[in-house]
There are 2 protein chains.
Amino acid sequence: MVAKVVERQMGVALWRQIADRIRLAISNGDYDATGMVPPETALAAEFGVNRHTVRSALAALAEEGLVRAVQGRGTMIERKDRVSYPISRRTRFSQGLGRQVREIGTELLGHAQVPASGEIATALGVPPGTPLIELSTVSSGDGRPLSTAVSYYPAERFARMAEEYAQLGSVTKAFAAHGLDDYVRVSTEIVARHAEAEELSLLKLSPGAIVMETQSVNADLEGRPVEYSRTRFAADRVKLRIET
Amino acid sequence: MVAKVVERQMGVALWRQIADRIRLAISNGDYDATGMVPPETALAAEFGVNRHTVRSALAALAEEGLVRAVQGRGTMIERKDRVSYPISRRTRFSQGLGRQVREIGTELLGHAQVPASGEIATALGVPPGTPLIELSTVSSGDGRPLSTAVSYYPAERFARMAEEYAQLGSVTKAFAAHGLDDYVRVSTEIVARHAEAEELSLLKLSPGAIVMETQSVNADLEGRPVEYSRTRFAADRVKLRIET
DNA sequence: TAGTGGTCTAGACCACAAG
DNA sequence: TTGTGGTCTAGACCACTAT
C-alpha cells in the first residue's frame, strides 16, 4: 500500500486532513465491501498518527452524519440522501413521502391519557387540564428512521385514537374512523438543534446529530384544533418542503 | 471553595457530569460578571480532572451553542434565545422580525453578474446562461448575525439591484425601485446541517454549530420568478414559523 | 510576555459486541 | 476471548490575544 501522506506543521490540523481523506475514500466507495470504516487502530497505523487523532477525524465525520460509530462493533458508513417531506395546508405523512420510499413504517411506541398542560392547551384551544390522548410514534422509510413524534388529541372527541392508529398505521385513517374526513395544517414552527439522547436512540443517530423539530397544529374545517404535534426529523435524512 | 464532586466509575462519563455542572453554573448566572467561562486549566483544577476532560465538556457545550471558544481569548457564554422568522406567501425579511429585535442590520458583502447555472436557471424559469445579478448579504438583529444569503435576480429586469439594495437595505424596496410593488413566495425547501467554515465566520458561530438552509423562489403576481435565494439561518438564533 | 485555547502523542483501562 | 469504540490521564508544543 502507498503510504498516506499527511502534512505536519502546514497550518491544517492532522485530524482535518485525515477526515478529508476518509470522506474521500467513502465517496470513492473504497469501503463498500464492508460498509464500515476500518478500525481506529488500523487508520492510525495507515496515516502514521496516534489513535486519538484518528478519533478526532471520525468524530467530525460522525457529526456530519457521514458515519456512525457503535461501541464494540465498528464505525459504519451512513447513507446521506434526504427524502423531501412536504408541509402544506393539507399535510399528510404517508402521502407526502409518496414514491420517494418503497415502504413506510409507523410504530406506536406508547400512548396515554394526560391532562392538557398550558402550552398544549393553548395550541389546542382547550382549558388546561382537559383530557388528551397522547401518542408517541416513530416513522421510517425503507427501514431508515425518519421522524419521531409526540401528538395530542382531545380525548372526548377522539377516544379510540391509540387503538385506531395502532391498527391503521395512519393518523388520517384514525381521524376518519372517528368521523373526521378532512383537516388542515394551521401552523408550523421549525427549529433545528442537536438530538437528545432519546432521539439518538429512537432515530438511530450518532451523538452530535441534528434534528429538525416541528411544532404543528391541525384543525378541522370549522377551525377547531384536532391535533397538536411535536415531530423531530432526522436532519440527515429529511428535508422539509414548504408549499405556499 | 467547596470541592466539586464528580463521581468516577458510576456509569456517567466525567466530561458529561462536568458539562452538566457548567451548564448549570451558566444558567445560575455564576459567570455573569465576565460573560466568560473560567479557563480550561482553572476548571480542570476545580473539578480535579485533566484539562482534556474539561475540553470534552466544553466541546459539548459549544456544540449546543451555549458557549463559544476563541483561541487566545477564552470561552464566552452565548445568548440562547431565538427570534421567530415567518415564512408565508408574503415573506418579507424586515417586517417579519418586527418587534422581536430593536435594530435590523443588513450588509451587502458583494455582488456580481453571473450566468444562470442549471439548477438556478430551472428555479427562475430562464434559459441556462441568462445573466443574473448575484447578491451576497448578511443580516443581523441587534448586532447578532441571524442569516446570510446568496440571491439571484434576472439582470435584464433588475439591473440596478445591487446599488438599490446597498442604498435601501431591503430587497422589497429594491424591487419597488424597479417598478415591482408586490411579489409572493412560491416555494421553500429547508434542510438543517452543520455550518461550513465560511458560515461560521459570517454568522460568528462555533465549529459544530447548526444552520438551517432555505432555498426559496419568489415570483411576481403574474407568476414570473423574480428571485432565487439560498439563505442560511443560525439555528441557535432563529426559528422558522410556517404560515399556511 | 503571559495567558488562553488548539493539536498531537503515549499509554492505560473500561464497556460492549461478536465469535 | 478477542476486537472494537469510549474515556481519562499526563505531558508537550503551537497559535492567537491581550497587555
Side-chain angles (χ1 to χ4, degrees), chain A residues 4 6-22 31 34-63 66-78 197 200-201 204-208, chain B residues 4 6-22 31 34-63 66-78 197 200-201 204-208:
Chain A
K4 301 299 174 67
V6 282
E7 295 185 331
R8 289 164 191 266
Q9 315 293 341
M10 278 300 164
V12 179
L14 289 179
W15 68 265
R16 289 186 193 278
Q17 300 180 44
I18 291 169
D20 292 343
R21 295 299 196 83
I22 297 174
Y31 306 139
T34 58
M36 311 267 292
V37 171
E40 295 174 348
T41 47
L43 289 168
E46 182 179 335
F47 290 109
V49 300
N50 189 275
R51 176 181 158 225
H52 287 121
T53 307
V54 167
R55 278 180 63 74
S56 296
L58 289 176
L61 297 178
E63 227 175 68
L66 197 58
V67 301
R68 166 172 155 77
V70 178
Q71 192 174 88
R73 181 147 17 139
T75 301
M76 292 162 296
I77 298 167
E78 291 274 67
L200 292 179
S201 114
K204 297 202 173 70
L205 297 168
S206 295
Chain B
K4 302 299 175 64
V6 282
E7 295 184 332
R8 289 164 190 267
Q9 314 294 341
M10 279 298 164
V12 180
L14 288 179
W15 68 263
R16 290 186 193 279
Q17 300 181 45
I18 292 169
D20 291 343
R21 294 298 196 84
I22 298 173
Y31 307 138
T34 57
M36 310 267 291
V37 171
E40 295 174 349
T41 47
L43 290 168
E46 182 180 337
F47 291 108
V49 300
N50 190 274
R51 177 181 157 226
H52 287 121
T53 307
V54 168
R55 279 180 62 73
S56 296
L58 289 175
L61 296 177
E63 226 175 70
L66 196 59
V67 301
R68 167 172 155 77
V70 179
Q71 190 173 92
R73 182 152 9 142
T75 301
M76 293 162 296
I77 298 167
E78 293 272 66
L200 291 178
S201 116
K204 297 201 173 68
L205 296 168
S206 294

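Not measured: the values here are computed from a predicted model. Just so we're on the same page: letters track the sequence lines, and every chain starts at 1.
For Ile18(A) against Ala57(A), the heavy-atom pair with the smallest separation is CG2-CB, 3.8 Å. The two residues Arg68(B) and Glu78(B) have their closest heavy-atom pair at CD-OE2, 3.4 Å. Heavy-atom minimum distance, Ser206(B) versus Ala62(B): CB-O, 4.1 Å. The two residues Glu63(A) and Gly208(A) make their nearest non-hydrogen contact at CG-O, 4.0 Å.
As rounded to whole Å, 18 Å separates atom P of dG11(D) from atom CZ of Arg55(B). Rounding to whole angstrom units, CZ of residue Phe47(B) and P of dT7(D) are separated by 18 Å. Note: CG (Leu14(A)) to P (dT7(C)) measures 10 Å, nearest angstrom. When the P atom of dT4(D) is taken as reference, atom CE of Met76(A) falls 14 Å away, rounded to whole Å. Remark: P of dT7(C) and CD of Gln17(A) are 12 Å apart, rounded to the nearest angstrom. The CZ-C1' distance, from Arg68(B) to dT17(D), rounds to 14 Å in whole Å. Straight-line distance from the CD atom of Glu40(B) to the C1' atom of dT9(D): 16 Å, rounded to whole Å. Here dC13(C) presents its C1' atom at 15 Å from CG of Asn50(B), a figure rounded to the nearest Å.
Between Thr53(B) and dT9(D), a side-chain N or O to OP1/OP2 separation shorter than 4.0 Å is present.
At the heavy-atom level, Thr75(B) lies under 4.0 Å from the strands shown only through sugar-phosphate atoms.
With DNA chain D read from its 5' end, the first of the two nearest nucleotides for Pro39(A) and Arg16(B) is the one closest to Pro39(A).
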**Request:** Evaluate the side chain to side chain contact (heavy atoms under 4.5 Å, CB included) criterion for residues Glu40(A) and Leu58(A): first the C-alpha distance (whole Å), next the side-chain angles of each, then the deciding distance (0.1 Å), finally the verdict.
**Result:** CA-CA 9 Å; Glu40(A) 295 174 348; Leu58(A) 289 176; 3.7 Å; yes

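For Ile77(B), the side-chain contact (heavy atoms from CB on, under 4.5 Å) partners at least two apart in sequence or on another chain are Ile26(B), Tyr31(B), Val37(B).
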Sub-3.5 Å pairs of nitrogen or oxygen atoms, protein against nucleotides 17-19 of chain C:
residue: dA18(C); atom: OP1; partner: Arg73(A); partner atom: NE; Å: 3.3

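Residue-to-nucleotide contacts include a donor-acceptor pair under 3.5 Å from the side chain of Arg51(A) to the base of dG6(D). For a distance-only test at 3.5 Å, the side chain of His52(B) qualifies as a donor-acceptor partner of the base of dG11(D).
Considering only heavy atoms from C-beta on, Asp20(B) stays 4.5 Å or farther from Gln17(B) through its side chain.
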